[in-house]
Every structure is written in C-alpha cells, then in structure tokens.
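Here is the structure we will look at.
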2 protein chains.
Amino acid sequence: MATESSAPVHRKTTLSDIAAGCGVSRATVSLVLRGSPLVNKHTRARVEEELRRQGYVYNRAAANLRRRTSSSIALVVNELANPFFAEFAAGVDETLGEAGFVTLLGSTGESTTREQAVLGSLIEHGPGGIILSPAEGSEARNVLTAIGAHLPVVLFNRELGGRLPQYAHWDRLMLDNRPGTRQATEHLIARGHRRIAFFGGHDDASSTRERHAGYVEAMQAAGLKIEPHWRVQTTPTRIDAVRATPALFEGGSKPTAAVCYNDAVALGLILGLHQRGLQAGRDFAVTGFDDIAEASMSVPPLTTLSTAPRARGRQAAELLLARLRDPQAPASTVIAPVELVVRESSCPLS
Amino acid sequence: MATESSAPVHRKTTLSDIAAGCGVSRATVSLVLRGSPLVNKHTRARVEEELRRQGYVYNRAAANLRRRTSSSIALVVNELANPFFAEFAAGVDETLGEAGFVTLLGSTGESTTREQAVLGSLIEHGPGGIILSPAEGSEARNVLTAIGAHLPVVLFNRELGGRLPQYAHWDRLMLDNRPGTRQATEHLIARGHRRIAFFGGHDDASSTRERHAGYVEAMQAAGLKIEPHWRVQTTPTRIDAVRATPALFEGGSKPTAAVCYNDAVALGLILGLHQRGLQAGRDFAVTGFDDIAEASMSVPPLTTLSTAPRARGRQAAELLLARLRDPQAPASTVIAPVELVVRESSCPLS
DNA sequence: TCCGTGAGTTGGAACGATCCAAATGTAACC
DNA sequence: GGTTACATTTGGATCGTTCCAACTCACGGA
C-alpha cells in the first residue's frame, strides 16, 4: 500500500516565511493568497511584494489536506499510443486545465490486472474523480473495490461487466455504437456486398458487443446469412489485427467485405490483406470506427465512423466537472452520435 | 496563485480509524502500512485485517507533506494529439508507473504563454521533477521563474532560448537532429535531386535550427546552392503545413524535393502537394522526421528518420529517476540516434 | 532482588495550509 | 466619555501522515 517511491524535495518557502518576512500572521498571508476582500489594500501590497521577492510557490497538497478537497482528476485510458485515446486525453486535459484541475494519467494496455494496479496507485493521490475507459473484460466489482464507493466516476466508451447498485450512480459517456456499425454495414450492403464479416475486438467488451449487434441487425434486416468464421476476435490493436487476418478466409464461404471494430483494427486488416495479395478498396471492402487522423491518410483512405475523440474528451471532463458541482444530481448517460465518413476503402463489390 | 477549483471529497477512513478499530496507536498502524519489521506478527495481522475491513486508502498527499517528498512527476508536451508525443508520453508514464510515480500531464500547444500557465499550475501540485518538451521560442529565464531553481528537470527534444547558469544543471535528452537531416538530404541528393527545400518548423526552436543545419551541411558538401524561398517556416502541425505548401513554389527556381521538419509537417506537405496536382513520391520527393506509426501507412509511405518515441519516453523517465536517486550527479546530455527509413515518398528525380 | 537488554509500542510534535472564534484598533454616535 | 459598529488581524486547532524519543514489559544474568 505504501510502497517506497519518493523524491527528496528542496526546502520551499512557506506561508510562515512570507508572514515572518513582512511582519503579519500566517492567516493574513493566506487571505491575501486567496484574494479575500478582508485584507487591507496596503497590507495586501506588502504581502504580494514579499511573495514575489521570496519566489513563493503555493502548496496545493497542504491546502487540499486541510480543506479536504482535491484539485486533480485521474484519467485512465487503454492505450495512449492509439490516436483515438491520445486525442481523447488531449480533450480531457484541455478542459480540466481550464477548470484549474490537473490530470493524473494512467494507462492499462487493455489488461485488467494493470487496470487494478493503476487505479490503486492513482487513488492514493486523492483525485477528486476518475474518468475511466475500462479495459476489455473489466468487472464493476473489481473497479469498485479499487476506488471505493464515493468517488465520482465517468465511464467512457465501454460498460463494465457485472452490474452493481453503486454502479448505477456513475455517469457514462458512450458512443452510438450499434446504430453506427449498422449504418456502416448497410453502406456495404448498398454497395453490393453480401458476404460481410465483423472483424476485431473481443466480445467481453460492451463496445464490441454493441458494434457487433449493429452489424448483425443490418445483416438480418437485409436477409443475409452470417457465417460463424466471419466473426474474428482480436485485441483491438493494429498488430493483432494483422496477425488475425488469415482467420477470415479459413472457412468455406469467403467474405468480400468487413466491418471492423475500430480504425486501428481496420488499418491492421488492410495490412493483413496486403500480405495475402489483396488490396483493400479494390478487392475487399473495409470500414473502421473512430475516424482517427490516420484514417484519411491510409492507403486506401478509410471509410469509418467519425467520433470526434477530442470533443468526447472535453465532454467527459465536463460531465465530471458537473458531477463535482452537484454530487446529488441523477446519473447521466450521454450517447455521442457518430457519423459515417465514406472514403475509398469501402469499394463496391467488383 | 490559489485560484478556487476543487472538488469536495467524501470522508475517508484514516490511520486513526484503523488504530481505534483494533486498539493500537496510529504509529503502529503506520509502521504496518510501511512493512516495518518492528511490529509483532500478531499485531500486524490484526491491523491488516482491519485495513481490509474498513477499506482503507493510503493518503499519499499527507505522507508527502510530512516527509517532504513527492511521488509525482510532471510531464509537459507540446501536443498530445501528435503521435510522436503520444508515444513519448506513453513511454514516460510506463516507466514512471513502474517506479511508483504518477504522471501529472500538461500540454502547451506550442504556446509559451500556455507553457507558463501549465508549469505554474503543475508546480503547485509539488511534483518531484519535470520532463519538459519546450514550446517553440520558450526562454530559459521564464521556465526558471515558473518552476524555481531546485526542481530536477529533463529537457526533451529542444533546448530553451537564453542560457542561464542554473540551466546547465538540467539533464537533457535530445535527438541526433543535424546528422539525421544531413543523412536524409544526402539520400535525396543521391537520388538525383539538386533543388531541395527545407520545409516546416520555426527557427526559434533549437530542434528546427539543428535539423535545418544538417540539411545546409549536406547541400554545401555537395556544392549545391540554396534558394531563400526554399526555406518555408510553419507551426509543426499538419494543418499549417498544408496551408504553407504554396510558398515553396513562389520563387523562380522550383524545388523537386523537400526535407521536412517532422512527420506531421511532411504529411501535411504531401496533402498540400496533392491540392496542387502534384503527387509526392512521383512528382516530388519528401522526407520526414520521427517515424510515427502513420508514416508507414501514408500515401505514399513516408521516408523518414526513426526516433522510437516510446523508447525515448522511457529514457527520459529513466534520466529523471536517476537524477532523483543522485541529485549531485553531473548533468547528463543524451543524444538519441536516429535512423533513416527509406520508403516511397523519396522517389528518384524523374 | 536488581539491572540491562531488546522487542514492541506509543504520545505528541511536526509538515504547510485553512478555519474559526476572538482580539485589536479606529471612528462614530449619543 | 462610554458604547457600539466596523474593518482588520490573529492565535491555535486541525487535516492525515511520519518521526522521534521515551516507555512498557518480559526475560536472563549476576
């Protein structure tokens, strides 16, 4: 719990130093720092001069201890190297920064074990809340024991497994997954494809299940049959998608198109196809999810569902800030719309 | 200095609660938490049971206050949405996490004003050190007044303007900029190009100046003249690079190739060329710097200098951890090698 | 019996801020 | 002159932990 890992810190100047330096009490200096109207103009000026002179730095940790408040928010994402999460984190940090909060960063690499460890470590620093994008297969029970029942949480992108009563009090920001992939699938069908696969992600993540459901919905609505081997599960990373590409073609009836869990997976699939001598956007149609910056620049440019991750980051931060302002407000669930962006990877059936 | 921005925090269980709960003193509980060999096995077991029972969470802020230590490190990057920095941040966070430190995130958007603000805010949270990738045009003097003279700093990627005595005590992790762009330029020359531009970045950043110098070196070594309008300055973002592309072709002697400040700029240039009806990798040769994931997947794939940003992140974190272990050690400057990766964007002169 | 020893435990003062009730000084009023 | 009102200022307790010197207790040796 209290593992050793700490850095020695140089003696800093404190409130008392300033107080002594200009012959007032600590309380007065404190009032000056917080811009209280109670202090006399003249005193204030003297104190402020002394603050500058000694190069005083406010110790927010001490203040937070006394006031039983917090001025940081923990942000836990799956993988910062995924541009989707990088943009999301940038949006979160931007908005939190404007509100005077600092972002404590943590990343899980889609491992629930690491998620537990990271949450445990972040919690000890006393954040005022958590923005969490759960790892695949993460359980509400475990997250709850790691962070306790009273810390505000905003869930992003995925639900946790195993519902609990407390869990209902958490705010959530989800993407419009099912309608999104349904739309993508319908787009492929409209372009003449009949044998369409769903590629990537693991079914123990709610986002994957929802996106898969949208695909199934569209297929059934169009009266199309789905072969079992058209569902290939992968870790949602590019590298694992490349590795898993061959599985798509192992059964009898070969697909001519695939709806992918996200852009990382879609870009991996494009690469995997290439290794089999297939060119995405000509021999095989691909759609993604997220619209990361790369999507518009890949070969071929990727048809995908735009999620505006930076805006989502700002939104998640706003949700948390709203919760801090009003802890009693009912839990809100926001479903952010997604938009189909058609590019060249979703070619018509040739 | 002490602006209001704080979240109410639920009453947490403390050392005293545990102590009361099992009839020992606070001091003993504290010893148990820190795994001291002084406490009796039997007592320890009782205390640990009580810790679990009450769901105790260690308050590291309070401990840090008393011990005058810190368990966080501030990481300030230019733009998290740039995959180069995202990977870098991921590497930093990874290594810091393993060492039991938590990462305080800040981002400047290449603005020195925001840099000052972000540093000021992060400092108040009492990090044990700072890893800083300076904004373009950032001055040592300003950074120094923002963070004080005694906090360990690792500079990454760029030098600050205006040297100061204290500044010499900071560790630095730089990229092998000049030899890198020299190599890239020589590569273009070897492929038959004679009219080669240097595109992107602003000359008030040291990294830009160095990369530009490498280019000049190679040109001069080959006896090639450089036209003034072949130097186009931009903010190192994709969007600004697109905007600035026309400037390359405004003078009399049109270039047939460009060495770019980084990959973001190179990808922007490719787009900008496209808008003029030029195809990079066929009508015009382009090289980048960084080798972000996108570089291998762009149209055409980008010839660039690989910097392995994630490894650089780990390295920066290691430098800072080493400094914390031994504050007296002489300041180290590490220059990370870069490697030319030849892809299709650097086509031979047609 | 007394003393020394070592293992285990503990009260109280820090750390640097904030809160609160109370003190101070001054001016105004009757 | 005495009282009240108001504007400022202030000591001391407090937040949750760690440090330190001191304490208790059982045991063994002289």
Side-chain angles (χ1 to χ4, degrees), chain A residues 1-47 51 54 56-71 123-126 128, chain B residues 1-47 51 54 56-71 123-126 128:
Chain A
M1 301 196 149
T3 7
E4 282 313 300
S5 66
S6 50
V9 147
H10 194 267
R11 171 86 168 84
K12 290 181 192 158
T13 84
T14 74
L15 268 198
S16 309
D17 298 327
I18 304 298
C22 56
V24 296
S25 73
R26 291 192 325 281
T28 304
V29 179
S30 176
L31 290 173
V32 170
L33 279 177
R34 287 174 293 155
S36 158
L38 290 179
V39 292
N40 182 296
K41 256 189 255 242
H42 181 250
T43 323
R44 153 157 307 150
R46 253 173 51 229
V47 172
L51 287 168
Q54 298 204 29
Y56 171 80
V57 179
Y58 186 69
N59 185 335
R60 208 169 277 271
N64 282 335
L65 175 58
R66 175 65 237 255
R67 303 180 51 204
R68 295 146 150 271
T69 56
S70 168
S71 56
I123 279 305
E124 295 187 349
H125 289 85
Chain B
M1 301 196 147
T3 7
E4 283 313 301
S5 66
S6 51
V9 147
H10 194 268
R11 172 83 169 86
K12 291 181 190 159
T13 85
T14 75
L15 271 196
S16 308
D17 298 328
I18 305 298
C22 55
V24 295
S25 73
R26 289 192 328 278
T28 304
V29 180
S30 175
L31 290 173
V32 170
L33 278 178
R34 286 174 293 155
S36 159
L38 291 179
V39 292
N40 183 297
K41 256 190 249 231
H42 182 248
T43 323
R44 152 156 307 149
R46 252 172 52 229
V47 171
L51 287 168
Q54 298 204 29
Y56 171 79
V57 179
Y58 186 69
N59 184 334
R60 207 170 277 272
N64 283 335
L65 175 59
R66 174 66 237 252
R67 302 180 52 202
R68 293 148 150 271
T69 57
S70 168
S71 56
I123 279 306
E124 295 186 349
H125 289 86

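As a basis for the values below, the full set of heavy atoms in this structure was taken, side chains included, without hydrogen atoms, waters or symmetry mates. Throughout, protein chains are lettered first and strands after them, A, B, ... in sequence-line order, and every chain is numbered starting at 1.
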Just jot down the side chain to side chain contact (heavy atoms under 4.5 Å, CB included) partners of Leu31(A), sequence neighbours excluded, or say none.
Arg34(A), Ser36(A), Val39(A)

Output the residues of residues 38-46 of chain B in contact with DNA chain D, where contact means a heavy atom of the residue under 4.0 Å from an atom of the strand; sort by number or write none.
none

Partners passing side chain to side chain donor-acceptor pair (under 3.5 Å) against Ser16(A) (at least two apart in sequence or in another chain)
none

Rounded to the Å, how far apart are Arg67(B) CZ and dG16(D) C1'?
14 Å

Just checking, is any N or O donor in the side chain of Ser71(A) or Asn64(A) under 3.5 Å from an acceptor N or O on the other one?
yes

Out of dT9(C), dA17(C), dT18(C), minimum distance to the side chain of Arg34(A) belongs to dT18(C)

Let me confirm one number: the CG-CG distance from Asn59(B) to Leu15(B), rounded to the nearest 0.5 Å.
9.0 Å

With a 4.0 Å cut-off on heavy atoms, is Thr28(B) in touch with a base, just the backbone sugar-phosphate, or nothing at all?
base

Note down the inter-axis angle between the two ends of the helix from dT1(C)-dA30(D) to dC30(C)-dG1(D), five pairs each, to the nearest 10°.
70°

Under 3.5 Å between N/O atoms: give me all the protein pairs with nucleotides 11-14 of chain D, atom names plus distance.
from: dA13(D); atom 1: N6; to: Arg26(A); atom 2: NH2; distance (Å): 3.3
from: dT14(D); atom 1: O2; to: Arg66(A); atom 2: NE; distance (Å): 3.2
from: dT14(D); atom 1: O2; to: Arg66(A); atom 2: NH1; distance (Å): 3.0

Whole-Å distance separating the CG atom of Asn59(B) from the P atom of dC15(D):
13 Å

Nearest-Å distance for atom pair CG/C1', residues Leu15(A) and dT18(C):
9 Å

Whole-Å distance, Leu65(A) CG to dT18(C) C1', equals 10 Å

Here the gap from Thr43(A) atom OG1 to Lys41(A) atom NZ, rounded to the nearest 0.5 Å, amounts to 11.5 Å

Nearest-angstrom distance from the residue atom CG of Leu31(A) to P of dA17(C)
14 Å

Can you tell me how far CG of Leu33(A) sits from CZ of Arg44(A), rounded to the nearest 0.5 angstrom?
10.0 Å

Leu65(A) side, atom CG; Ser70(A) side, atom OG - distance, nearest 0.5 Å
12.0 Å

Among dA17(C), dT10(C), dT17(D), which is the nearest nucleotide to the side chain of Val24(B)?
dT10(C)

The reported gap from CG in Asn40(B) to CZ in Arg46(B) (rounded to nearest 0.5 angstrom) is 9.0 Å

Residues passing the side chain to side chain contact (heavy atoms under 4.5 Å, CB included) test with Ala27(B), sequence neighbours excluded, are Ser25(B)

Specify the closest pair of heavy atoms between Asp17(B) and Thr14(B), including all atoms of both residues, with the distance to one decimal.
OD2-N, 2.7 Å

When rounded to whole Å, the CG to C1' distance for the pair Asn64(A) and dG16(D) reads 13 Å

Whole angstroms only, please: what is the NZ-C1' distance between Lys12(A) and dC15(C)?
12 Å

Between C1' of dG16(D) and CD of Gln54(B), the distance in whole Å:
14 Å

